[in-house]
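Everything numeric here is computed off the predicted structure, so don't read it as measured data. We name chains A, B, ... by the order of the sequence lines, and we start the count at 1 in each one.
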2 protein chains.
Amino acid sequence: MTSLLDQSPARPVIQRLKVMRQLADDEVVALEQAIREAIRRGRAGEDLICEGDCIDSVRIILSGWLCRYKALENGRRQILNFVLPGETCDAYAYLLSRTDHSIGAITPVVYADIKRARFEQLIKTHTSLGEAFWCETLLMGTIQREWAVNLGRRMALERVAHILCELFERLRPVGLLDGNTCSFPLTQMDLADATGLSVVHLNRTLQELRSAKLISLRERILRIEDLNGLKRIALFSPTYLYLYQKH
Amino acid sequence: MTSLLDQSPARPVIQRLKVMRQLADDEVVALEQAIREAIRRGRAGEDLICEGDCIDSVRIILSGWLCRYKALENGRRQILNFVLPGETCDAYAYLLSRTDHSIGAITPVVYADIKRARFEQLIKTHTSLGEAFWCETLLMGTIQREWAVNLGRRMALERVAHILCELFERLRPVGLLDGNTCSFPLTQMDLADATGLSVVHLNRTLQELRSAKLISLRERILRIEDLNGLKRIALFSPTYLYLYQKH
DNA sequence: CGGCTGATTGATCCCGGTCAAATGAGGTGG
DNA sequence: CCACCTCATTTGACCGGGATCAATCAGCCG
């Protein structure tokens, strides 16, 4: 079973949900089945979901990076969060009439697009699954709150360091770290829009982190040279990520 | 029935939840009953919930203002959101092992403290009630996201204007507006911590709004002199508040 | 009256924004 | 293979929004 799961595109999803809630084998199988039936692909730059859309399905990311964002009139944009492999875009978002923000693909993505009726049937028969998805949703909330702190009360250097720490620790439980490096597809523009900084200043802040021997970042590869040092200047405490929840 | 509800301390709660979901009379009665059994009082300045607490009940605010916040080591504080009469602190927060943020009373508050078991029994027999509380939770998420935009991509004047617009529109559906004025118990320090500004600059920004004849604010009373003007400079669009959801 | 909290004002500084231009890295078509 | 275009990164110069420090003022309460 475990070895079978290793091959499944649903692996990161199951891995994540199991941290939230104890899942019985039949629940895992049922979810995997639902995912397998509903696999879609998206191109880099494409919007999976646009602000104002009616949501009638649940999208679970199997591979690739996306971002939630809101665009303002005058060209400004705020990235609200990133969506990483194994994470769910919008479990239960169909409960609200329309979505308040857009979700765009940063890289090519593979995802499962499970229709509302199918999803509701799934969680009705497998209640732990339903709860696990609710935990997932609540977790987006805790991350969103930490981002508010980041944007409101941290200086540029702390802010950027914090976001790097967070992404690094979120990639770890789904097995996307390779030692102290990871694939890092964000442009500096993306990082600027996520941290509320200008591209120019973001660039200078990255250089500061590089010259402090904390990170190296080039050709879409991030290497954390000194994780503890980075966490220290970011005032990073990972508890809000609930990486090791005891069910 | 309606006239009876008018007298009930649960009135703002019912009013809010009915916007989210159609509620049957027996559901309203059941909720009212649960609230009546569980009424508590809190003093101004008191923390109802502290970061790191295990949550094992659901707190529904009947009157008074609170704020969610996170405190940083060095004395900095970020207010994440306000909790107004009729709103629920933490429906379903018990699904996560510990809470990531604190909730403090700004004014004296009256609230219902419904134990987890009681709450779960309530929503099990009355499913629309459960869904309405989930909508409430999702709504906190949409507000949190709008705050990220506020903190990340708006200038001081827009930011403060935006938060005033939001509070004003959130008070409206629970009947806490009196024409173009409302009770406004926040200190300038609270507003500064909510907008990510310094107290000094917040004070100057308020003066700017006053001299532009958009608001007047003194002795804990806010009067909006020109709501449309205020919305215009805030780039305020209330859709994220889902004030008129069609169930 | 003294002490406290919150609002206000003034002076100064600096973090980070803005503008503009240069450099580099693909990607594409002739 | 080169010319050319586009997009991302980088650098320099300058400016300004908002932070910081410090002092004053206004209520309020014991």
Side-chain angles (χ1 to χ4, degrees), chain A residues 43-45 65 67 72 74-79 104 106-108 150-163 183-211 215-222 233, chain B residues 43-46 65 67 72 74-79 104-108 150-164 183-212 215-222 233:
Chain A
R43 286 192 305 275
W65 289 40
C67 69
L72 304 191
N74 47 15
R76 289 182 280 185
R77 178 179 74 144
Q78 178 65 44
I79 289 184
I106 289 171
T107 66
N150 214 30
L151 291 165
R153 285 299 183 219
R154 280 196 266 260
M155 297 181 310
L157 192 69
E158 304 171 296
R159 245 188 249 190
V160 176
H162 197 278
I163 229 168
S183 154
F184 195 84
L186 305 180
T187 65
Q188 296 194 4
M189 175 106 172
D190 293 330
L191 275 176
D193 284 340
T195 50
L197 300 170
S198 67
V199 190
V200 173
H201 197 68
L202 180 101
N203 178 285
R204 292 185 169 123
T205 307
L206 281 181
Q207 288 176 47
E208 208 176 328
L209 289 172
R210 280 193 272 248
S211 66
I215 65 165
S216 59
L217 172 57
R218 38 179 240 291
E219 291 161 12
R220 309 280 110 113
I221 302 285
L222 172 66
I233 72 160
Chain B
R43 286 192 305 276
E46 189 181 327
W65 289 39
C67 68
L72 304 190
N74 46 15
R76 289 181 281 185
R77 178 179 74 142
Q78 177 66 42
I79 291 185
I106 289 172
T107 65
N150 215 28
L151 292 166
R153 286 296 182 222
R154 279 196 265 261
M155 296 182 310
L157 191 69
E158 302 171 296
R159 246 188 248 190
V160 176
H162 196 279
I163 227 167
L164 295 179
S183 153
F184 196 84
L186 306 180
T187 65
Q188 296 195 1
M189 175 105 172
D190 294 329
L191 274 176
D193 284 340
T195 49
L197 300 170
S198 68
V199 190
V200 172
H201 196 67
L202 180 101
N203 178 285
R204 291 182 170 128
T205 306
L206 282 181
Q207 287 177 50
E208 209 175 329
L209 289 172
R210 279 193 272 247
S211 66
I215 66 165
S216 59
L217 171 57
R218 37 178 240 292
E219 290 161 15
R220 308 281 111 111
I221 302 283
L222 171 66
I233 72 160

Looking for any heavy atom pair under 4.0 Å, which part of the strands does B:Arg159 touch: base, sugar-phosphate only, or nothing? nothing

What's A:Arg153 touching, base or sugar-phosphate or nothing? Going by heavy atoms closer than 4.0 Å. nothing

Between [N] ([atom2]) and [X] ([atom1]): distance, integer Å:
{"X": "A:Arg154", "N": "D:dA19", "atom1": "CZ", "atom2": "C1'", "answer": "18 Å"}
{"X": "A:Leu209", "N": "D:dT10", "atom1": "CG", "atom2": "P", "answer": "13 Å"}
{"X": "B:Met155", "N": "D:dG17", "atom1": "CE", "atom2": "C1'", "answer": "9 Å"}
{"X": "A:Met189", "N": "D:dC7", "atom1": "CE", "atom2": "C1'", "answer": "11 Å"}

Student check: side-chain heavy atoms of [X] and [Y] closer than 4.5 Å:
{"X": "A:Leu151", "Y": "A:Gln78", "result": "yes"}
{"X": "B:Asp190", "Y": "B:Arg77", "result": "yes"}
{"X": "A:Leu222", "Y": "A:Leu186", "result": "no"}
{"X": "A:Leu191", "Y": "A:Thr205", "result": "no"}
{"X": "A:Leu209", "Y": "A:Leu217", "result": "no"}
{"X": "A:Arg210", "Y": "A:Ile215", "result": "yes"}

Assign each of A:Arg204 and A:Glu219 to its nearest nucleotide of DNA chain C by heavy atoms, then name whichever residue's nucleotide is nearer the 5' end. A:Arg204

Find the bend of the helix from C:dC1-D:dG30 to C:dG30-D:dC1 as the angle between its two terminal axes (five pairs each), to the nearest 10°. 30°

Looking only at non-hydrogen atoms, find the nearest pair between [X] and [Y] and report the distance.
{"X": "B:Ser183", "Y": "B:Trp65", "result": "O-CZ2, 3.5 Å"}
{"X": "B:Gln188", "Y": "B:Leu206", "result": "NE2-CD1, 3.8 Å"}
{"X": "A:Pro185", "Y": "A:Thr107", "result": "CB-CG2, 3.3 Å"}
{"X": "B:Ala192", "Y": "B:Leu202", "result": "N-CD1, 4.0 Å"}

Look for any protein N or O under 3.5 Å of an N or O in nucleotides 25-27 of chain D and output each such pair with its distance, or none.
none

With the threshold set at under 4.0 Å for non-hydrogen atoms, list the residues of residues 191-201 of chain B touching DNA chain D in residue-number order. B:Gly196, B:Leu197, B:Ser198, B:Val200, B:His201

With sequence neighbours excluded, what pairs up with A:Arg153 under the side chain to side chain donor-acceptor pair (under 3.5 Å) test? B:Asp193

Does any N or O in the side chain of B:Arg159 come within less than 3.5 Å of the main-chain N or O of B:Arg154, such that one atom is a donor and the other an acceptor? yes

Quick one: how far along DNA chain C does chain B reach, first to last nucleotide 5' to 3', anything under 4.0 Å to a heavy atom? C:dG6 to C:dA11

Suppose we screen for salt bridge (Lys or Arg N to Asp or Glu O under 4.0 Å). Which residues come up paired with A:Arg204, at least two apart in sequence or across chains? none

Does a nitrogen or oxygen in the side chain of A:Asn203 sit under 4.0 Å from OP1 or OP2 of D:dT9? no

